[in-house]
Amino acid sequence: DAGITQSPRHKVTETGTPVTLRCHQTENHRYMYWYRQDPGHGLRLIHYSYGVKDTDKGEVSDGYSVSRSKTEDFLLTLESATSSQTSVYFCAISGPGQGNTQQYFGPGTRLTVT
Amino acid sequence: AQRVTQPEKLLSVFKGAPVELKCNYSYSGSPELFWYVQYSRQRLQLLLRHISRESIKGFTADLNKGETSFHLKKPFAQEEDSAMYYCALRSSGGSNYKLTFGKGTLLTVNP
């Protein structure tokens, strides 16, 4: 497995509370991504980063924000969690260059919003 | 906009039978296609990519630009192939490394 960790791995939180998920990589890859995985929807991109302090929205970015202050860490924040954000969240990384378009995935974080 | 369609949510076969997981895409340019696999309680991992033209764990996939398809095939399914399979597309050119995923097909191989 590529050096990608996610924390926490499991979290239960209440509606309206803020939540931050962390993705940490040791591969020095430039690109980082946050996806959510839901039955019947597959994986959907929330936000991605193409460098330190460079981020952009994916297809389901409403209600989420991200930050990347250093290469190895990409944080996903739910400002005010809702039940519709109950999901499994995956972080992924990829490097630049023609041979590095593959994405490597973290182990996932299972988030339950009650 | 690019799109990936996996028409089967669920696919069930018997051990030793051939298996084909379908993937169709829509994209006006020249795409790069991938198959990712997720075994139970594990992270997603790359199974194969069309530019490599390789066979991994007995699986192959050929990009058919005329039919805009990238079906995954294996002649003799094994129980350990049971997993969720995702087809993904990356648009060509530039520094765009985003992937568009299909909704996935859950393959069950019965003994």
Side-chain angles (χ1 to χ4, degrees), chain A residues 1-7 9-10 23-25 27 29-51 54-61 66 74 87-110, chain B residues 1-10 21-25 27 29-54 56 61 63 83-107:
Chain A
D1 291 337
I4 312 169
T5 56
Q6 293 184 231
S7 58
R9 294 292 314 279
H10 301 271
C23 177
H24 179 78
Q25 60 145 329
E27 306 295 325
H29 279 3
R30 178 180 174 186
Y31 298 89
M32 299 186 75
Y33 313 82
W34 276 108
Y35 293 91
R36 59 179 291 174
Q37 182 185 42
D38 302 288
H41 291 278
L43 276 86
R44 293 179 291 174
L45 182 66
I46 305 172
H47 281 279
Y48 67 102
S49 170
Y50 45 97
D54 291 324
T55 65
D56 205 350
K57 296 179 180 180
E59 63 177 298
V60 290
S61 59
V66 290
F74 192 32
S87 186
V88 180
Y89 291 85
F90 285 98
C91 174
I93 65 174
S94 65
Q98 284 294 324
N100 292 310
T101 55
Q102 169 185 346
Q103 289 188 13
Y104 301 90
F105 284 81
T109 293
R110 186 173 296 275
Chain B
Q2 56 204 50
R3 188 181 186 119
V4 176
T5 302
Q6 294 179 249
E8 304 133 332
K9 282 187 178 180
L10 304 170
L21 291 86
K22 292 184 168 53
C23 173
N24 291 92
Y25 67 91
Y27 177 62
S30 183
E32 185 175 1
L33 275 297
F34 303 82
W35 276 100
Y36 280 83
V37 60
Q38 185 181 28
Y39 300 103
S40 180
R41 299 185 179 277
Q42 295 186 26
R43 67 183 73 192
L44 278 85
Q45 55 187 281
L46 179 69
L47 182 61
L48 51 80
R49 53 202 296 186
H50 89 270
I51 60 173
S52 301
R53 302 184 67 82
E54 57 197 344
I56 304 294
L63 178 60
M84 178 69 84
Y85 291 81
Y86 292 99
C87 182
L89 176 153
R90 172 186 167 265
S91 55
S92 61
S95 59
N96 178 7
Y97 292 94
K98 292 188 293 180
L99 295 178
T100 299
F101 284 86
K103 295 184 178 181
T105 298
L106 180 62
L107 173 66

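Please read these numbers as outputs of a predicted model, since none were measured by experiment. Letters go in sequence order (proteins before strands), and every chain restarts at 1.
The minimum heavy-atom distance linking Gln102(A) with Phe34(B) is given by the pair CA-CE2, 4.2 Å. Between Gly106(A) and Arg43(B), the shortest heavy-atom distance links the atoms O-CB, 3.2 Å.
Looking at residues two or more places apart in sequence or on another chain, you find a side chain to side chain contact (heavy atoms under 4.5 Å, CB included) between Thr100(B) and Gln2(B), Val4(B). In this structure Tyr25(B) satisfies the ring pair (Phe, Tyr, Trp, His ring centres under 6.0 Å) test with no other residue, sequence neighbours excluded.
Looking at Leu43(A) and Leu99(B), their side chains never come closer than 4.5 Å, going by heavy atoms from C-beta outward. Using a 4.5 Å cut-off on side-chain heavy atoms (C-beta onward), Phe105(A) and Gln42(B) make no contact.
Using a 4.5 Å cut-off between heavy atoms, Tyr50(A) does not touch chain B at all. Using a 4.5 Å cut-off between heavy atoms, Glu59(A) makes no contact with chain B at all.
Tyr86(B) contributes atom OH, which lies 3.5 Å from atom CD of Gln37(A) (distance to the nearest 0.5 angstrom).
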